[in-house]
Amino acid sequence: MKEIFNHIIDTLEHGLNIFVFFLLTFSIGRVIFIILLRDYISEVSVTDILTALWIGLRLSCQTAGILTLIILLPKIFSKSAAKFIAAIIFFITSTLYVASFPFYQQFHSNFNQVIFNAVNDDLYALLITFTDEFNLPLRLLFALLLTIVLYKIFQNFKYRINFILTIIMTYLATTLTIFGGGLNWQTELNFENIGITKDKFLNEAILDSYQAIYRGYVLQNRIISSAGLNFTDEDIKNLAALHSNKPPTNDNINEYLKIKANGAIISKPKHIFIIISESYANWILLNKYSDLHIAAGLKSIINADDSDYCPTFLPNGANTVSAVTGIVTGLADANLYLTTLPQSFNKPYLTAAAPQMKKLGYTTNFFYAGPATWERIGEFVIAQGFDNFYSQGDINNINVTGNVWGVDDKFLYQFVENNLNLMEPSFNVILNTSNHSPYTVDLKFEGIETNFNFDDDLNKKLAHQIYADRELKKFIDTMKLKAPESLFVIVGDHADRLNIDKQPSDYERFAIPFIITGNGIHKNLLKKNSAGSHIDILPTIIELIAPKDFEYYSIGTSLTENIYGVNYALFITRTSIGNANIYPLQPEPLTSEIKIEPQNWATLENYINYVRGVSYWSAKHN
């Protein structure tokens, strides 16, 4: 009996050693993370930093406790198995820690739900990108070295404590693990209540890598399962009826999405182009960054008499595929990954762009710089009613340059120019890729030089922004000459990949531009205080060109009328931006110089619920 008792005490003591070791590892790692990325910290006090370290230590108690159990339990059966599992855990921990630095620099966030979308992406292209831009082999080597160091220290990390203290500390460690750094459920910590400092970076630094991944997993599953929405069919019907100003008497929800056009505002264009420009954020157009001269082309388009511009526009989601699905289907990125959903391949959604543009007499084409297999985009676009889909395989020839994500922009635009039938009306979506890591355009050959006072990496990214801007402008100028009866819509696919400011505001971080230019367009064509997102592009085009009483289906609203933009996380108005998942809404001014205009915030809440709920319902009932 004494032998069994001693074995139990030894096991508990060993567990405490493991627990404390992990706790120290995460805490020291957190300090190094904050020091190395200190440029991302705003003006904070020493108290704020100490608070972040303390809350982080408490939260990591849960992670340390779980990892301790994973190592300790196999030891009961096999010491060798326990050692092997420990080595694997240290390698995973080291790899995640090393990866957390470039991840934060890229996304201004610790690990989040973006990593779960990667499984649907082109894994080979991601591997090449990580290798070229983020020095993947070198980082993996460092992670391996860190693993060895940690494991060696771990093997020699032993301290002896007496029986009573072992019991007390085991109880304390177990409690802290169960309650996430708290002693009971009232003091429990989790990723949703740890953001108590005034600095976004410090709030992210509180999360260790495992806690950050867990946060991403929970948020991703909320999206997939529509958790937090909890709308019944009756709720969705009422929201749709409220938005359409119709009585909620019809059980067919699609009837509330039917809209009659007000009548053409401009002459019907012969060709329509929607250009989805990779990583084209709105911040580059702001006056505070005008000295950079990285958006000369787009600014000249905006300033022309035949253009109008909405500066308060949100992407449909955090990645390119969300932009594509929003524009192609008219559905918001509320809950479902549409390019993996079987319903998406059965038939076009009622709100899909291509079938409705065909009703207006247009041949529909989709031009993509990358491979047709990315996100099943080729199959998806054709399933959603487009007549033609062109991709990298159609464009490639001996003179074409590019990378794993697609051909360089100029070759994509040349392909469109050379292959578009100008004799028949066409509706065209163009998706480019050059302004995307690993940033491989031959800048010297293209004659692009930068004199920025930044590091080489940032200089290269800004130079690619200049290239993308220049080629887009050249394409529009060319097509206006070749096909003067054309209409162009220019939007980014997403922002949140590049910022000069280390602590960008939400407006600078997330907003993308919406520019419309071409025959018949003029200033103040869009509503003065317009705002929107990708799902509002099609209704905007239809309201501009369709005859009176033309029937179409849309969840979005034309920017000739709309004053709200909504996506998976945010809302935007002409003067404010905020988190769309916190009720009541808490709007923040777009900039410190702008005063928030009064709004009926309850109406905006209903609109957010309408866009998400109806998009989810429509996707599931296609």
Side-chain angles (χ1 to χ4, degrees), residues 22 25-37 40-41 52-53 55-64 66-67 70 88-121 123 126-127 129-130 133-136 139-140 142-143 146-147 150 180-181 189-195 197 199-224 317-322 337 437 494-499 502-504 509-510 568-569 579 581:
F22 275 118
T25 299
F26 290 131
S27 297
I28 294 170
R30 187 173 289 108
V31 171
I32 296 172
F33 185 83
I34 291 173
I35 291 173
L36 295 183
L37 296 183
Y40 291 90
I41 304 177
L53 293 175
I55 298 299
L57 183 146
R58 288 179 57 194
L59 185 62
S60 289
C61 285
Q62 189 172 64
T63 310
I66 293 172
L67 295 179
I70 293 174
I88 295 297
I89 287 176
F90 282 120
F91 179 71
I92 293 172
T93 302
S94 299
T95 302
L96 290 175
Y97 182 69
V98 170
S100 67
F101 290 85
F103 192 95
Y104 189 91
Q105 292 169 318
Q106 186 82 353
F107 295 101
H108 294 276
S109 172
N110 209 327
F111 295 120
N112 56 32
Q113 61 265 42
V114 169
I115 63 175
F116 292 96
N117 292 333
V119 298
N120 297 304
D121 219 323
L123 297 181
L126 285 174
L127 178 63
T129 299
F130 293 155
E133 185 178 0
F134 301 117
N135 298 314
L136 180 62
R139 291 182 183 276
L140 285 176
F142 183 75
L146 184 59
T147 301
L150 287 175
L189 293 176
N190 58 58
F191 69 84
E192 295 187 287
N193 65 9
I194 49 83
T197 79
D199 184 76
K200 291 181 179 179
F201 170 75
L202 290 179
N203 288 339
E204 289 296 313
I206 287 171
L207 296 165
D208 59 60
S209 296
Y210 292 100
Q211 291 285 346
I213 291 174
Y214 173 70
R215 174 185 64 178
Y217 171 77
V218 171
L219 294 179
Q220 179 72 0
N221 276 279
R222 286 181 184 176
I223 292 173
I224 293 172
N319 47 34
T320 304
V321 70
S322 293
Y337 214 88
S437 57
H494 54 72
D496 198 26
R497 293 291 189 277
L498 172 66
N499 286 98
K502 296 292 186 181
Q503 297 96 31
R509 182 178 169 187
F510 294 111
Y568 69 107
N579 190 325
N581 300 308

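All residue numbers in this chain count up from 1 along the given sequence.
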J.: What's the separation between atom CZ in Phe103 and atom CG in Leu96, rounded to the nearest 0.5 Å?
T.: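 Phe103 atom CZ to Leu96 atom CG measures 11.0 Å (nearest 0.5 Å).
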J.: Return the OG1 to CD1 distance between Thr93 and Ile88, rounded to the nearest 0.5 Å.
T.: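 Rounded to the nearest 0.5 Å, the OG1-CD1 separation comes out at 11.0 Å.
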J.: Could you tell me the separation between the CG atom of Leu207 and the CG atom of Leu59, rounded to the nearest 0.5 Å?
T.: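 That separation rounds to 6.0 Å.
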J.: Working to the nearest 0.5 Å, report the span between CG of Leu150 and CD1 of Ile89.
T.: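 Output value for this atom pair is 12.5 Å.
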J.: Is there a side-chain contact between Leu53 and Leu57 (heavy atoms, below 4.5 Å)?
T.: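 Not touching, per the 4.5 Å side-chain cut-off.
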J.: Could you tell me which non-hydrogen atom of Gly317 sits nearest to which non-hydrogen atom of His494, and how far apart they are?
T.: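 Heavy atoms only, the tightest pair is O-CB, 4.0 Å.
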J.: Donor-acceptor check, side chain of Arg30 to backbone of Ala205, threshold 3.5 angstrom: yes or no?
T.: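 Yes, Arg30 side chain to Ala205 backbone: donor-acceptor pair under 3.5 Å.
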J.: Is there a side-chain contact between Tyr97 and Phe26, using heavy atoms and a 4.5 Å cut-off?
T.: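 When only atoms from C-beta onward are counted, Phe26 and Tyr97 do not touch, as no gap falls below 4.5 Å.
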J.: Specify the closest pair of heavy atoms between Ser100 and Ser209, including all atoms of both residues, with the distance to one decimal.
T.: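 Result for this residue pair: CB-OG, 4.4 Å.
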J.: Measure the shortest side-chain to side-chain distance between Asn203 and Ile206 over non-hydrogen atoms and say whether it is less than 4.5 angstrom.
T.: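 Side chain of Asn203 against side chain of Ile206, heavy atoms only: contact under 4.5 Å found.
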J.: At what distance, to the nearest 0.5 angstrom, does CD of Gln211 lie from CD1 of Ile66?
T.: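 Here the interatomic distance stands at 7.0 Å.
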J.: I need the minimum non-hydrogen distance between Ser94 and Ala143, along with the two atoms involved.
T.: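 The answer is CB-O, 3.4 Å.
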J.: Does a donor on one side chain sit under 3.5 Å from an acceptor on the other, for Ser60 and Tyr210?
T.: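 On atom types as modelled, these side chains do not qualify, holding no pair under 3.5 Å.
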J.: Using the ring pair (Phe, Tyr, Trp, His ring centres under 6.0 Å) definition, which of the options Phe111, Phe33, Phe142, Tyr40 pairs with Phe101?
T.: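 Among the candidates, only Phe33 passes.
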J.: For the CD1 atom of Ile41 and the CD atom of Gln503, what is their distance to the nearest 0.5 Å?
T.: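 It is 8.5 Å, given to the nearest 0.5 Å.
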J.: Give me the atom names and distance for the closest heavy-atom approach of Ser109 to Arg509.
T.: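 It is CB-NH2, 4.2 Å.
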J.: Check Asp208 against Asn110 and note the closest heavy-atom contact, atom names and distance.
T.: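 Scanning both residues, the minimum pair turns out to be O-ND2, 4.5 Å.
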